[in-house]
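Just so we're on the same page: letters track the sequence lines, and every chain starts at 1. In this text, all values refer to a predicted model and were calculated from it rather than measured experimentally.
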2 protein chains.
Amino acid sequence: MAYELALSSLSDPTRRAVFERLRTGPMGVAEIASGLPVSRPAVSQHLKVLKEAGLVVDEPRGTARIYRIHAEGLRDLRDWLDSFWDDALTRFKDHAERDT
Amino acid sequence: MAYELALSSLSDPTRRAVFERLRTGPMGVAEIASGLPVSRPAVSQHLKVLKEAGLVVDEPRGTARIYRIHAEGLRDLRDWLDSFWDDALTRFKDHAERDT
DNA sequence: CCAATTCGTAAGCCATCACTAACGGTTAGT
DNA sequence: ACTAACCGTTAGTGATGGCTTACGAATTGG
């Protein structure tokens, strides 16, 4: 039901870069921005989108705010993709049965 | 390596509608357009994008041109998503071992 | 209490993209 | 050969969205 948000969120290259940067572990906004060719506020905006899509979670840590990947947010998208394989298999099966 | 194209292609709602319309089976452009709130050329443009992303294949059939889903085009995207689960599991494992 | 650090937000600019309308090409049938 | 059906492409327009700069909020440490 929420795979649309995950798709639109991950469609942007910079946002994917932010997301993949978190693969190395949780970190703050400034640390994410360093190493990316965009400003810190831009990263903050991207994180907001990723958070609304359920792909990241944040936690206050002093003055900083630590972000980390929330892989569960990808579940709906994954299920949606899998349904196409099921359809493809069913269609292939029907096609095979039609030849008998 | 081509999951970026699949993501950007499926990020558009209308394009997703076109893609899901083909779930019911192969059909022509006019048939896809009927039932969608956009014009036929718009559908044609979306199909071009989906084709470049390897998500659909087309085949001439008289004056018509039949499109159908090419599920294999989703494989790279699927693999990419799965890699995040692997990372999540590894991270969880490391976290558990740290507590021992 | 004051200064420094870290971050989110608002405003504005610019590029990208989806959409329509009009045209041209190709095939099937008479 | 002519007509009809089906489709792809182009040009132009309007809207969406990402980026930067500037500002304000919250917390830590001296």
Is the shortest side-chain heavy-atom distance between B/Leu22 and B/Met27 below 4.5 Å?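 Side chain of B/Leu22 against side chain of B/Met27, heavy atoms only: contact under 4.5 Å found.
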Would you say the side chain of A/Leu7 lies within less than 4.5 Å of the side chain of A/Trp80, judging by non-hydrogen atoms?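 When only atoms from C-beta onward are counted, A/Leu7 and A/Trp80 do touch, with a gap below 4.5 Å.
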With sequence neighbours left out, which residue pairs that include part of residues 20-54 of chain B fulfil the ring pair (Phe, Tyr, Trp, His ring centres under 6.0 Å) condition?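 As it turns out, there is no ring pair (Phe, Tyr, Trp, His ring centres under 6.0 Å) pair with a partner in residues 20-54 of chain B once direct neighbours are skipped.
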Listed in order of residue number, which residues of residues 11-34 of chain B have a non-hydrogen atom at under 4.0 Å from DNA chain C? B/Asp12, B/Thr14, B/Arg15
Residues of residues 37-52 of chain A with a heavy atom under 4.0 Å from any atom of DNA chain C, listed by number, are A/Arg40, A/Pro41, A/Ser44, A/Gln45, A/Lys48
N/O donor-acceptor pair under 3.5 Å between A/Arg15 side chain and A/Leu10 backbone: no
For A/Ser11 and A/Ser8, indicate whether the former's side chain and the latter's backbone hold a donor-acceptor pair under 3.5 Å. yes
First contact, last contact: which nucleotides of DNA chain D are these for chain A, 5' to 3', heavy-atom distance under 4.0 Å? D/dG18 to D/dT28
Restricting to pairs with a member in residues 49-59 of chain A, which pass side-chain hydrogen bond (donor to acceptor under 3.5 Å, both in side chains), not counting sequence neighbours?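 Matches after skipping sequence neighbours: A/Lys51-A/Asp58, A/Asp58-A/Arg65.
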Any pair with a residue in residues 26-40 of chain A that passes side-chain hydrogen bond (donor to acceptor under 3.5 Å, both in side chains), sequence neighbours left out, goes on the list, sorted by first then second residue, please.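 Qualifying pairs: none.
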Helical bend (five base pairs per end, nearest 10°) for the helix from C/dC1-D/dG30 to C/dT30-D/dA1: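 It works out to 30° between the end axes.
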Please list, in numerical order, the residues of residues 55-67 of chain A that have a heavy atom closer than 4.0 Å to any atom of DNA chain D.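 Of all residues in residues 55-67 of chain A, the ones placing a heavy atom under 4.0 Å from DNA chain D are A/Gly62, A/Thr63.
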Return the set of residues passing salt bridge (charged side-chain N to carboxylate O under 4.0 Å, His left out) with A/Arg75 (not counting sequence neighbours), or none when no residue passes. A/Glu72
For the pair B/Trp85 and A/Leu74, evaluate side chain to side chain contact (heavy atoms under 4.5 Å, CB included) and give the outcome as yes or no after the intermediate values. CA-CA 9 Å; B/Trp85 261 290; A/Leu74 294 173; 3.8 Å; yes
Sequence-distant partners of A/Val38, side-chain contact (heavy atoms from CB on, under 4.5 Å), two or more places apart: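 So A/Val38 forms a side-chain contact (heavy atoms from CB on, under 4.5 Å) with A/Thr14, A/Leu36, A/Ala42, A/Val43.
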Using the test side-chain contact (heavy atoms from CB on, under 4.5 Å), find all partners of A/Arg23 that sit at least two apart in sequence or belong to another chain. A/Glu20, A/Ile69, B/Ser83, B/Phe84, B/Asp87
Closest non-hydrogen atom pair between [X] and [Y], with its separation:
X       : Y       : result
A/Ser44 : A/Val29 : N-CG1, 4.3 Å
A/Phe19 : A/Leu55 : CE1-O, 3.4 Å
B/Gly28 : B/Ile66 : N-CD1, 4.0 Å

Can you sort out the partners of A/Asp79 under side-chain hydrogen bond (donor to acceptor under 3.5 Å, both in side chains), two or more places apart, ordered by chain and number? none
